[in-house]
> 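This is the structure I want to talk about, given as C-alpha cells.
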Amino acid sequence: MTSKVRRCDCCGQKLPKGAGPNRRYCDATCRSRHWRRVQRQETVFQRAVQQGIEILAGGVDRYVEGRCPVCGWSVSLRKRRDAVYCSPKCRTRAWRLRSETRDASERSLRKASPRDG
C-alpha cells in the first residue's frame, strides 16, 4: 500500500512525518510567507480598485494619482496608502530641499534684523 507524498503548499518540500491531515505547510516560516503574499495581493487589488473609483469620480489630486512630488515617477500600489514619495531617496531629497530653504530664510532674517546689545 503506497501513501501519497504530501508537499508544502509554499515551498514544495515534503511535509514532516506524522503531519496531521489538515497540515498544508512544512513550518511556520512557510505559513507566514504564504499569508503575507496573499495579504499583499489583496491590498494591491483593493487600492487599485479604490484609485480607479476616485479617478472616475473626478476626485484625483497629485498624491491620489500616485505621483512623487520630487521626481514625478508613480508611487507604487504596494506602498502604504498615504505614501507620498516613490522611494527613500526621494524622501531624503525632499527633506534636504526643505532644510536648505529653511536655513536660507533663517540666514536672511538674521542679516535683516539688527541685534540688540
Side-chain angles (χ1 to χ4, degrees):
M1 190 169 184
T2 311
S3 63
K4 183 180 175 184
V5 176
R6 294 178 33 216
R7 299 197 173 269
C8 176
D9 284 352
C10 185
C11 68
Q13 292 182 355
K14 292 181 184 178
L15 291 180
K17 288 186 178 181
N22 295 331
R23 187 163 180 176
R24 295 177 53 195
Y25 307 103
C26 59
D27 58 8
T29 303
C30 281
R31 185 177 63 245
S32 62
R33 184 178 296 141
H34 175 55
W35 185 83
R36 282 192 305 269
R37 186 181 309 133
V38 168
Q39 292 300 314
R40 190 177 320 121
Q41 289 170 352
E42 288 176 4
T43 303
V44 168
F45 178 74
Q46 289 171 354
R47 286 191 57 206
V49 168
Q50 184 62 32
Q51 286 183 0
I53 291 169
E54 290 172 358
I55 288 170
L56 291 174
V60 179
D61 63 359
R62 187 173 189 173
Y63 301 119
V64 173
E65 199 174 292
R67 298 285 173 201
C68 176
V70 175
C71 67
W73 284 82
S74 67
V75 177
S76 173
L77 289 174
R78 292 184 179 197
K79 293 193 176 286
R80 290 172 41 150
R81 182 162 179 78
D82 59 346
V84 175
Y85 303 103
C86 64
S87 66
K89 186 176 180 181
C90 280
R91 186 175 58 238
T92 303
R93 187 175 294 148
W95 177 82
R96 287 182 178 154
L97 290 171
R98 286 193 309 267
S99 178
E100 287 173 5
T101 306
R102 186 183 62 232
D103 292 344
S105 65
E106 288 175 1
R107 278 184 290 224
S108 65
L109 286 175
R110 281 188 221 138
K111 289 179 183 176
S113 64
R115 289 193 164 223
D116 293 329

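No experiment lies behind these values; they were computed from the predicted model shown.
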> Compare every heavy atom of Arg37 with every heavy atom of Cys10, then report the nearest pair and how far apart it is.
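Between these two residues, the closest heavy atoms are SG-NH2, 3.9 Å.
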> I need the minimum non-hydrogen distance between Val75 and Ala83, along with the two atoms involved.
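Answer, listing the atom of Val75 first, then Ala83: CG1-CB, 4.0 Å.
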> Please list, chain by chain and in numerical order, all residues satisfying side-chain contact (heavy atoms from CB on, under 4.5 Å) with Arg24, sequence neighbours excluded.
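By the side-chain contact (heavy atoms from CB on, under 4.5 Å) rule, Arg24 matches Asp9, His34.
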> Test your reading of the model: is there a side-chain donor-acceptor pair from Ser99 to the backbone of Trp95, 3.5 Å cut-off?
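Not at all, since once roles are kept as given, no pair shorter than 3.5 Å links the two residues.
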> Taking the side chain as every heavy atom from C-beta outward, state whether Val84 and Cys68 have any atom pair closer than 4.5 Å.
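The answer is no, as the side chains (C-beta and beyond) never meet within the 4.5 Å cut-off.
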> Arg23 side chain to Tyr25 main-chain N or O, any donor-acceptor pair under 3.5 Å?
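Yes; at least one donor-acceptor contact below 3.5 Å.
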> Listed by chain and number, what are the side-chain hydrogen bond (donor to acceptor under 3.5 Å, both in side chains) partners of Arg96, not counting sequence neighbours?
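side-chain hydrogen bond (donor to acceptor under 3.5 Å, both in side chains) check on Arg96 returns nothing, list empty.
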> Provide the closest heavy-atom pair for Val5 versus Lys14 in the form atom of the first, atom of the second, distance.
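The answer is CG1-CG, 3.7 Å.
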> Considering only heavy atoms from C-beta outward, does the side chain of Lys89 approach that of Cys71 to under 4.5 Å?
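When only atoms from C-beta onward are counted, Cys71 and Lys89 do not touch, as no gap falls below 4.5 Å.
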> Determine the minimum heavy-atom distance between Gly20 and Arg6, stating which atoms define it.
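Answer, listing the atom of Gly20 first, then Arg6: O-NH2, 2.8 Å.
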